[in-house]
Structures are given as structure tokens and as C-alpha cells.
Amino acid sequence: MSTSFLLRNGKRVFSVIGGGCRGTDALSGVHSIARRFIIDLSYSTHFMDFKGSSIPSSMKKLVVTKLSQNFRDAVALQTVPVPTPGDGDLLVRNRFVGINASDINYSAGRYDPTVKPPFDAGFEGVGEVVGLGLSASARYTVGDTVAYFADGAFAEYTVIPMIKTVPVPAVKPEFLTLLLSGATAYIAMKRLGDLVKGETVLVTAAAGGTGQFAVQFAKQAGCHVVGTCSSNEKAGFLKTIGCDRPINYTSEDLSATLRKEYPQGLDVVYESIGGRIFDMAVNNLANKGRLIVIGFISGYQTASGVPTVKGGTLPVKLLQKSASVRGFFLPHFLADYKEAMGSMMQMFAKGKLVCEVDCGDMAPEGRFVGLESVFRAVDYMYAGKNVGKVVVEVTPPSLDSKL
């Protein structure tokens with residue numbers, strides 16, 4: 001093993017090179033040499049590569065300044081100092097961030113009423129490590145690429161606890177699709193779907209960020225998959241990922257089609273729209289059918305956040321069919337998260353999982369680039385225009401960076 005001292009910004013640090021390698025990471029499947037930057041605590045408690053990473057003194061981020069389900073009213077773009085990572089933290093330069101339907105639930109304060117504005121917006125990002133704390137240097141080094149699922153992603157730079165990050169082999173937006181959308185579909189189908197080969201599975205909003213994965217996982221389980229969508233373009237996409245019967249509800253009567261083509265009912269429904277679609281799903285459940293509720297986006301933009309359903313008849317309908325309604329909220333299943341990510345990463349690496357990304361190339365004002373475009377991206381998703389996961393490119397690769 002060799003030890004060398006380096007001088008950065010007038011502070012003494014030394015790198016230890018050798019002593020084996022990290023081996024193959026369970027999530028990324030990528031080999032990397034063990035190179036660790038260790039800090040002399042008499043000089044500093046963190047390492048930030050200002051010169052090599054071109055870290056500026058200030059940055060932009062999106063902050064929830066007042067509670068509202070209207071994202072544009074609730075959120076403001078602010079310029080603030082670039083934060084410094086703590087002992088177990090990484091400073092990540094965000095290259096891509098993911099847009100989720102729940103972004104407006106968060107800006108409306110629906111998840112934790114005790115949290116008051118201002119607070120940072122955004123849930124997931126992927127980028128390069130440009131700074132890290134001493135403890136974090138045991139696992140990462142400057143230049144590593146990571147994805148994460150944590151608060152405060154809508155920023156040019158985000159400090160993330162090391163334990164909330166996932167090492168990825170490259171900065172690609174496809175990895176963002178797995179963190180929340182893919183994991184939701186994978187765990188919900190596995191834990192709550194009880195899928196059996198030959199069963200009929202309906203996925204609502206099937207061409208969306210999480211719907212695309214529910215379709216693929218149901219198909220992998222040997223099921224007949226039906227998917228709802230709002231355009232012929234989306235129906236075409238669904239066919240490419242294995243959907244047996246895409247239904248464009250703008251040109252077909254969804255309820256009539258289900259009654260005619262699936263008179264025995266639906267064994268499993270992966271449901272994210274709510275309201276009348278939820279009622280339709282309940283009415284079309286098969287005996288012992290399972291309805292998995294992963295959201296109800298049709299109500300998120302309302303004051304209550306909850307769409308109206310025919311709840312009074314629900315107990316009778318479930319009893320008559322021995323059917324069940326099962327709710328799924330990802331934070332309640334974090335014990336399954338590592339296995340889900342590892343499995344999906346391997347499938348993606350082997351070309352067995354499609355991770356469709358929509359960066360707004362077909363949007364009226366063009367591709368979503370820069371934090372300012374997050375507002376457009378949220379509107380675009382709620383207008384039902386996206387095919388796949390909506391992603392914003394925060395910053396393009398720096399030409400003068402060594403990372």
C-alpha cells in the first residue's frame with residue numbers, strides 16, 4: 001500500500017491507495033479501485049474538491065415558501081450558498097432530478113403537518129459526488145456517481161446522508177426511474193399483488209412513471225396485462241413493454257371494454273388515479289381480486305387532495321367477491337428497498353427492464369433543462385403528456401471538470 005500527501009486549497013490531506021478494492025457493488029455491479037481521501041482533522045472535517053469540480057460559492061434551489069397544492073404558488077427559486085457536507089454526508093452535484101405526482105402533496109404539507117415553510121422541494125436525484133465528510137469517505141470518493149431518494153433534490157447541489165444513496169455506474173436519468181417509481185411497482189406487486197401466472201392484471205396510468213414498471217413486472221410473472229392510457233402513442237409504447245391490451249380511454253369506453261372483454265373480472269388492479277377509476281376498478285374485480293392503491297392523482301390538485309369515491313357500497317362489493325383493497329406507501333416498506341433496487345439494477349443492466357424517461361423533448365417549450373423548468377415539468381405530467389418518468393436535466397456535464 002502506498003501513501004501520498006496532497007495539497008488542496010492550502011489544506012493537508014492524504015490519499016491511501018491500495019489495500020484491496022471495493023469489489024462488485026451489490027447494486028451497481030461495477031468494479032472500482034479502492035481510492036480513499038482521508039482528512040487530517042487538525043485542518044478540516046470534510047473534503048470538497050473546489051478546483052477539480054468547479055464548485056461555485058452559490059447555487060439555485062427550489063424552496064416551498066407557502067403551503068399550497070398549486071406547485072407554482074407554493075414554490076420559489078432561490079439563490080443560496082452551496083452547503084457543506086457533514087461527517088456522514090455527500091455533497092452531490094445534481095445532473096438529473098425526478099418529477100413525481102407527490103411533489104404537490106409535499107408542497108401542500110400533506111405528508112407531515114408539523115413541517116412548516118420554508119423547506120426544500122424534490123425527492124430524487126442522480127449526479128456526481130463533489131464533496132464528502134470523513135466517515136462518508138470510507139465508502140465514497142470525489143467523482144463517484146450516485147442516485148438518491150431524499151428531500152431537497154430540486155437544487156443544483158444537495159447534501160445527502162451517505163446511507164440514503166445508491167452507487168450507480170453512470171450519471172443516467174434511467175436510474176432515477178427506479179428510485180421511487182420502479183421501487184413502488186416492484187415492492188407493491190411482490191408484497192401485495194400475490195401474482196399468479198395466468199391472472200389478469202389491470203394497470204391504470206400504465207404509460208406513466210410507475211405504471212410502466214407495474215406492466216413489466218406483471219408480465220414477468222406470467223400474467224395477462226391490461227393498461228389504461230390517454231393516447232395512441234402511449235398505447236403503442238405499452239405494446240413494446242409487453243402490455244397485452246392497452247386501452248386508450250379517450251377513444252374507448254373503459255368500463256364497457258372491461259365488461260365485454262374480461263367478464264370474469266380483474267384479479268389484480270394497480271391503481272394510481274382514484275375517483276371514478278377507483279370505483280370502476282372495484283366494480284370489475286374478480287372473486288378474490290386485489291386492488292392495490294398506490295395513489296389517487298386525480299385529487300391531488302384539489303383543496304382536500306382526495307377524490308370522491310363511492311365508499312358507502314365498498315364493504316358490500318368486497319364481501320360479495322371476497323375481494324380486498326390494499327394501500328401501498330413506499331416509506332412503510334423500506335426493509336424491502338435494497339433487494340428491490342438490486343434486482344431492478346441487475347435487470348436493467350441485462351436489458352430485461354425498460355426504464356422509459358421523458359425529458360420533455362416533445363413539450364411545447366422544449367426539453368426540461370435547468371431548475372426553472374421543474375415548474376413546466378410538473379404541469380406537463382399533470383396534463384398527462386408524459387410517456388415514462390418525467391425527468392429534468394439540472395446541469396449539463398461541465399467541460400472543465402475532471403469528474
Short side-chain donor-acceptor distance under 3.5 Å, [Y] and [X]:
| X | Y | value |
| --- | --- | --- |
| Asn248 | Thr250 | yes |
| Tyr382 | Asp103 | no |
| Ser181 | Lys389 | yes |
| Asp112 | Tyr106 | no |
| Thr257 | Tyr249 | no |

Can you tell me how far apart [atom1] ([X]) and [atom2] ([Y]) are? Round to the nearest 0.5 Å.
| X | Y | atom1 | atom2 | result |
| --- | --- | --- | --- | --- |
| Leu291 | Leu318 | CG | CG | 8.5 Å |
| Leu334 | Phe149 | CG | CZ | 7.5 Å |
| Ser137 | Met162 | OG | CE | 9.0 Å |
| Ile273 | Ile297 | CD1 | CD1 | 8.0 Å |
| Tyr148 | Asp151 | OH | CG | 10.0 Å |

Between [X] (side chain) and [Y] (backbone), is there a donor-acceptor pair under 3.5 Å?
| X | Y | answer |
| --- | --- | --- |
| Gln216 | Val354 | yes |
| Arg110 | Asn105 | no |
| Ser373 | Arg376 | no |
| Asp87 | Gly133 | no |
| Asn94 | Val394 | no |
| Thr302 | Gly305 | yes |
| Thr204 | Ser272 | yes |
| Ser58 | Pro81 | no |
| Arg367 | Asp361 | no |
| Asp89 | Gly86 | yes |

Report the relative orientation of the aromatic rings in His224 and Tyr262; use parallel for angles under 30°, tilted for 30 to 60°, perpendicular for over 60°.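 The arrangement is tilted - the two ring planes meet at 30° to 60°.
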Between [Y] and [X], does any NZ, NE, NH1 or NH2 come within less than 4.0 Å of an OD or OE carboxylate oxygen?
| X | Y | result |
| --- | --- | --- |
| Lys385 | Glu233 | no |
| Asp194 | Arg326 | yes |
| Asp244 | Lys219 | yes |
| Lys288 | Glu199 | no |
| Asp73 | Lys66 | no |
| Arg93 | Glu156 | no |
| Asp379 | Arg72 | yes |

Pair Asp336-Arg191, salt bridge (charged side-chain N to carboxylate O under 4.0 Å, His left out): steps then yes or no: CA-CA 9 Å; Asp336 300 275; Arg191 291 289 301 274; 2.6 Å; yes
Step by step, would you call Thr177 with Glu356 a side chain to side chain contact (heavy atoms under 4.5 Å, CB included)? CA-CA 8 Å; Thr177 67; Glu356 188 70 13; over 6 Å; no
Flag side-chain contact, heavy atom, 4.5 Å: [X] against [Y]:
| X | Y | value |
| --- | --- | --- |
| Lys234 | Lys239 | no |
| Val269 | Ile292 | no |
| Met345 | Phe175 | yes |
| Val391 | Asp358 | no |

If you take all heavy atoms of [X] and [Y], which pair is closest and at what distance?
| X | Y | value |
| --- | --- | --- |
| Met381 | Val390 | CB-CG2, 3.9 Å |
| Asn287 | Gln320 | OD1-O, 4.4 Å |
| Ala286 | Ala323 | O-CB, 4.3 Å |
| Gly152 | Asp120 | CA-CB, 3.6 Å |
| Ala235 | Cys229 | N-SG, 3.6 Å |

In a check of ring-ring contact (aromatic ring centres under 6.0 Å, His included) between Tyr186 and each of Phe328, Phe217, Phe333, which one passes?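 In the set Phe328, Phe217, Phe333, the residue that makes a ring-ring contact (aromatic ring centres under 6.0 Å, His included) with Tyr186 is Phe217.
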Side chain to side chain contact (heavy atoms under 4.5 Å, CB included) partner of Val75, the single match among Val63, Val64, Asn70: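 Of all the options given, the one that passes is Val64.
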Ring centres under 6.0 angstrom apart (Tyr300, Phe296):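 Between Phe296 and Tyr300, which both carry aromatic rings, the centre distance is below 6.0 Å.
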